[in-house]
Structures are given as structure tokens and as C-alpha cells.
Q: 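Have a look at this one.
First the proteins, then the strands, lettered A, B, ... as listed; each starts at 1. These values consider heavy atoms only, across backbone and side chains, with no hydrogens, waters or symmetry-generated copies.
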Amino acid sequence: MPFLVCLNRIIFVNRIALKYNDEIVDLQTAKALGIEGEPIELDNSKESLEVLRHSTAHLMAQAIKALYPDAEFYVGPVVKEGFYYDFKTSTTIGEADLKTIEKEMLNLAKKKTEIEKYDISMDEAKLKFANDHLKLEVMKRIPNETVSIYKQGDFEDLCRGPHLPNIGMIRYFKLMKIAGAYLGGDSKNEVLTRIYGIAFADKEALKNYLDMMAEAEKRDHRKIGAEMKLFSFREEVGAGFALWLPAGARLRSRLEQLLFKAHRKRGYEPVRGPEMLRSDLWKVSGHYQNYGENMYFTHIEESEDKKIEFGIKPMNCVGHIKVYEDDLRSYRDLPLKYFEYGVVHRHEMTGALHGLFRVREFTQDDAHIFCTAEQVEEQIIEVVDFVDKIMSTFKFDYKMMISTKPEKAVGDDAVWEISTQALKNAMDKHNLKYEIDEGGGAFYGPKIDIKITDAIGREWQCGTIQLDFNLPHRFELEYNGDDNDKIQPVMIHRAILGSFERFVGILTEHYAGEFPMFVAPTQVAIVPIAETHNAYAKELADKLLDIGADSEIYNKNDSLNKRIRTAEKARVPMIIVLGDEEVANKTIAIRDRRTREQYNLSEAEFMSLIQTKINEVNF
RNA sequence: GCUGGUGUGGCUCAGGGGUAGAGCACUUCCUUGGUAAGGAAGAGGUCACGGGUUCAAAUCCCGUCAUCAGCUCCA
């Protein structure tokens, strides 16, 4: 019965672990404990990849050990995108060495060595890894009395598993990048070398992944931003300070206008605070003590012996608080919603700067809601709805996270507890999903963060909804209750896009620069065939401006084909070509940028088409 | 801020101890073209900045700045 034998063999070869009580148990462990469970095959499922990638990390370590015998190893976990291993060698390893390591890994994998597992006591383990100070460091963090060792050939590693049964199963992987990382993620500790890699069960999946990465690189907003002349950074201006070029500024302005209307509809009032406020205020708010290292300060000399320190605002809340204080408030006024496109400055670490995603000066679509404790829930929900309206308009996937009290924080634990619970309650009551980010809150209160994913799957925090009992207390804010009693309002800080900078960056990657009509920097590219058609082009451009559409006339002394090509490459959503026919009949020849198809419309039809497309979105 | 890369005209990049090249873009002229690069001529950089080594540096070394990847941090 050769057929059956063959089938059995396939099953045997592909089985890599078991699922037992919702946990992945590798075959080594299952055999030792006599466990049986649902089999996990070698494929691209989440469970399977976790085992595969973990073992690939070990194979990489084995290869590194073979190439660099003095290598010491820290940890090599599976992460969202593949795996990594942190280690240390006496010789420096660079990008070019990744190929060599990959080759060694393939050589080792060819030997099809079995991966064995055995347990030893912590003391034995310490003896075994006595000359690997990094492994000893790992063990310090393990409370158990016995630990497991995985062994493949002469390479042994302290590990919890699970692992593949045999290293020969590892075939489709790639080492992606090399970087430095602190031991334990603490910048006070020594720096280790970290190599990131990815692995899949088959060739196609690996290829798809690598293709996706290449596509993501093409979408990088820094690259597209330069190509489309949206924004730019210049060394002489300073790191982290963006220049918005005309096209980028037009795009941004469209967003601003859409959002302005959306705020007004929801009862927000525009306000404006100054760029810098006296440091005394930042001391009251707690920013001076808790956020000072991120702030820029300046002094103004009133007289020779009198200098006043000012802090350039890193947030807009203090300005809005002062607006609140400008009048006596009644419970009848609440909720009061102030919003501002607030320019803030934050001294981010140089290494953290990243295109428009992280800059040192940015503009938040910031608002502060002053309300009664009873109104908190409905206000939170209203903001969450607002967020959803905008994110779904742009077809973004996003997730929400509730962040709890950070190490550096102001206010009583009790207040933190109450406000954190208030956020959870609001979300739970409306069946909204969220994750918890322990210790990720702002120093003045817990928050709900809205995170969207960029082209390469990196998550970026955009919107944020922060509950704050502390600032109202520190500034002794109050309103008159119905008994004319003085009551402290609750403050909700919130931003939806987060910042125009980051949001435009994410939008750029999301659409790969091919923005929908309602936010595109230019709505229409006009290509007049000859000079005699310039007048009609200009006439149309003016009419387009009247209905709120920007256009660009491509009438340089280039061939028609060249100008159409240039317009195509500029990613303008709509291209129209004007010649004798169009001028004579007052018609428009439209070229669809994506399909390259052409069709004709009367001028009136065209105008109404553009107007519809621009107005199709309302937040 | 840390670790490791990179830094040549507006952009993309080649070159590399003896005082700089290409393509695109730009300017001018010819061409007035019906849907993805018509032709010709020309201008533009002293090789991020500062210092050092050397007879000689853009090229080697050090520092600074910027930038990239990651750590950390965050809208």
C-alpha cells in the first residue's frame, strides 16, 4: 500500500505542533508529556508561522554562532512582522553580512537536523551558559526553577519554545534588516545587534510579502511627497520642521476647510491661543515639570533686571483653559467645545524624526470639551462617532486603545481610576472594541488613542481622546450649578486627525499619492493643444476656481504627448484636453487618468461633475 | 539621545588622493502637435559643514549637522 504510506509520510512531515487547551505545544513537548491535540501543519496560519519563525530565529542564531564563535545571545522572539534575535559579537556585523548568514542558515537547514528538547534546573542552565553573559541576563528574568533547552546539532539555546521538529523545514525566509537595540529595551543598558527576519511556509507567501514591502517602499510619503512637491525638509531650516509646498498646502487646506465645517456642525467654537505663554502657567498645568524636556523656552527682557520666561506651547489646552476662564460659566453653557488648528512645538529626539510622521512643529486638529461629569460618556461617544465618520470616509482601518496611568503622572490614583473606568464604560456600553495600553496615558489623564496602519503595516497614533480631571483642578476651573454652587468641570482633550502633518503623510501612503478629488492638491489638469486654446483653458480654470476646484494648465512648449504624460505623472485625478473642437463647441474632452479612456462632456455637465465630486464628502 | 549606515548640481545616481560626470528637471530657440517622453543649444555643483593627515583631499581620519534603519519616545 505505497499510496497510504506516502500519505502518512506527508502528514508526518508537515505536522509541526499541536493545539492543546488553546496553546501551541510543539511535538517535542507533546511527546514528553504524552499530550494529544489538534494538529498544526506547516502552512501560513498564524499558529504555524509563529512556530516556524521562532525556529528560524534559532537557526539564524545557530548560523551566527557558526560564523562568529564568540557570539553571545540575548532573546529571539517572534514579533508582528517576523522575528528577530538580539546578540553580541566582538566583530561588527553590517548589512552586507546578512547574505552570508542567510547562506549559512540554508546550509545548516539542508542537514535536516532534528530539534530536541530537554529540561534542566536553573542552576545547571547557569552553568551551561556561564560564558554567555547575555543568556545569564535572560535567566535573571525567569522565575522558574527549571528551564527548557532546545538543541539542534551542536547548537543549544535556552528557550521556552515552541519549535519545529526539524530545521530542514525552514526554507523560505529572508533576513530583512540589522539594527542596534538596547538590552531589555532600556537605553541605560548596553547595545546589542538585532537582526530582523521573516519566514513563510512556502515560496509564494515569501514572494508576496517581499513584493508588498517593495510596494510599500514605493508608497513612502517622503518619496511621493517629494515627487508631487507636497512638502520638503531642508537641512538649513532645521530637523523636523516641514516646509509645505503649494501643492501640499492646497491639499492640507482642503482638509482644514472640510473639518472646520464638521466641527461647527457639532457645536464646536473656533478659538485661538498664543504660540507661547508665560512659564508660570506651564508650572500650574504641570507641563513645566512633566513635559519640560520636550518644550522650547525663550526669555523676554522686560527691563535689565526683569526677564520673563515663556514656554512655546507643546499642547493647546492651557490656551483653551484661559478662554474658558474668560467668563463665568453656568451648567447651562456646558458642554463648551473649543477647537483650534493648534500649532505646537515639541522637542522630539533626533532619532525619532520621520518625514511628516514625526516632526518638531505640527498642527493639531485640537479641541477641548468642558463638560459636567454626567456628560462625559455622551461626549466621548460623540467624539468616537466623529472619528469613525472621518476614518471611514478615507477607508482607513483603525483600532482604539485605552491607555492607563503612566509612570510620570499628576493627580490622585483614585481620580485616575475613576476616569479610566469612565472611558471603559463609555466604550463597553456602546459595544466598541478596544485594547488596553498599560501605562500609555498622558501625564494628566487616561486616553483613548486611535491608531491607523500605514502602508507597511506600521501603526501610528492619530486621533486621541483624553479625559482630564487634573487640569480643571489645577486651574481651579468652575461653573455654577443649578443651586448656584461652584462645580469643577471635566475636560476632554481630543484630536481626530491627530496632526495635519502625520495625517497627510498617512493619506499619501494610503492612496499612493492618488488622492480622491475632494482632497487632491489639484482637481483638474488642463492640456490645451495649441496656443490658440490657451484662452479657453484660462476661462475654464477660472470657472473651476469659482466652484472650488484647483486646476493647472499644461501649456509649456512641449509636445502634446509629453504634456499629457507629465499630467499623468502628476497624479491629477482628471485630465482634460482642449483643441479646436472643444473651443468651437464649448465642450470638454476628458481623459480618465486611471483607465486612459476618453469621453466628452458639455461644459455645463463637466462643471457639475467636478462640483459633485468635490462635494461628495462631508464629515 | 543611543547603535549602525548614508551625505556629489532641484531630483535620481555614477566616479573617486592630483582641482567633477550622466539622465530627468530648468533656460532659450525650432517645432503648433488630438491623448504617456519631437529636435537643437545652454545654464547650473568644488562634491553637507568645520578641522586634521598629505606636495596635493570631493576621495583618508576626527568632529558637527542632516538623513536612513532600528532602539527609545510620541500627534
Q: Any N or O donor-acceptor pair under 3.5 Å from the base of B:A36 to the side chain of A:Arg596?
A: yes
Q: For nucleotides B:G1 and B:C55, find the distance between their P atoms and express it as a whole number of Å.
A: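 The same atom, P, in both gives a distance of 37 Å.
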Q: Classify the side chain of A:Glu348 and the base of B:G1 as holding, or not holding, a donor-acceptor pair under 3.5 Å.
A: no
Q: From the list B:G34, B:A66, B:G70, which nucleotide is the closest neighbour of the side chain of A:Thr350?
A: B:A66
Q: B:C68 base to A:Arg222 side chain: any donor-acceptor pair below 3.5 Å?
A: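 In this structure, the two groups form no donor-acceptor pair.
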Q: Take atom NE2 of A:His287 and atom C1' of B:A75, then tell me their distance rounded to the nearest Å.
A: 13 Å
Q: What base-paired stems does RNA chain B take part in, with at least 3 consecutive Watson-Crick or G-U wobble pairs and both distances under 3.5 Å?
A: B:1-7 with B:65-71, B:10-13 with B:21-24, B:26-30 with B:38-42, B:48-52 with B:60-64
Q: How long is the line joining NE2 of A:His368 and P of B:A75, in whole Å?
A: 12 Å
Q: Nearest of B:G1, B:A75, B:A36 to any side-chain atom of A:Glu568?
A: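 Side chain of A:Glu568 sits closest to B:A36.
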Q: Is it the case that B:A36 (base atoms only) and A:Arg591 (side chain only) share a donor and an acceptor within less than 3.5 Å, ignoring hydrogens and angles?
A: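 Such a pair is found, so the answer is yes.
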Q: Closer than 4.0 angstrom, basic N to acidic O: yes or no for A:Arg252 and A:Glu501?
A: yes
Q: Using 4.0 Å as the upper bound for N to carboxylate O, is an ion pair formed by A:Glu236 and A:Arg234?
A: yes
Q: Between A:Phe386 and A:His263, is the ring centroid distance below 6.0 Å?
A: yes
Q: Check every atom of B:U35, B:G34, B:A25 against the side chain of A:Lys562 and return the nucleotide holding the closest atom.
A: B:A25
Q: From C-beta outward on A:Ala239, which listed nucleotide comes closest to its side chain: B:A66, B:A25, B:G34?
A: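 Nearest to the side-chain atoms of A:Ala239, counting from C-beta on, is B:A66.
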Q: Using whole Å, report how far CE of A:Met349 lies from C1' of B:U3.
A: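 Rounding to the nearest Å, CE of A:Met349 and C1' of B:U3 are 13 Å apart.
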Q: Going by the side-chain contact (heavy atoms from CB on, under 4.5 Å) test, name the single residue among A:Leu356, A:Leu251, A:Leu243 that passes it with A:Phe231.
A: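 Exactly one option meets the side-chain contact (heavy atoms from CB on, under 4.5 Å) with A:Phe231, and it is A:Leu356.
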Q: Kindly say whether, by distance alone, the side chain of A:Asn557 makes a donor-acceptor pair under 3.5 Å with the base of B:U32?
A: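 By the distance-only test, no, there is no pair.
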Q: To the side chain of A:Ala530, which of B:A75, B:C26, B:G33 is closest?
A: B:G33
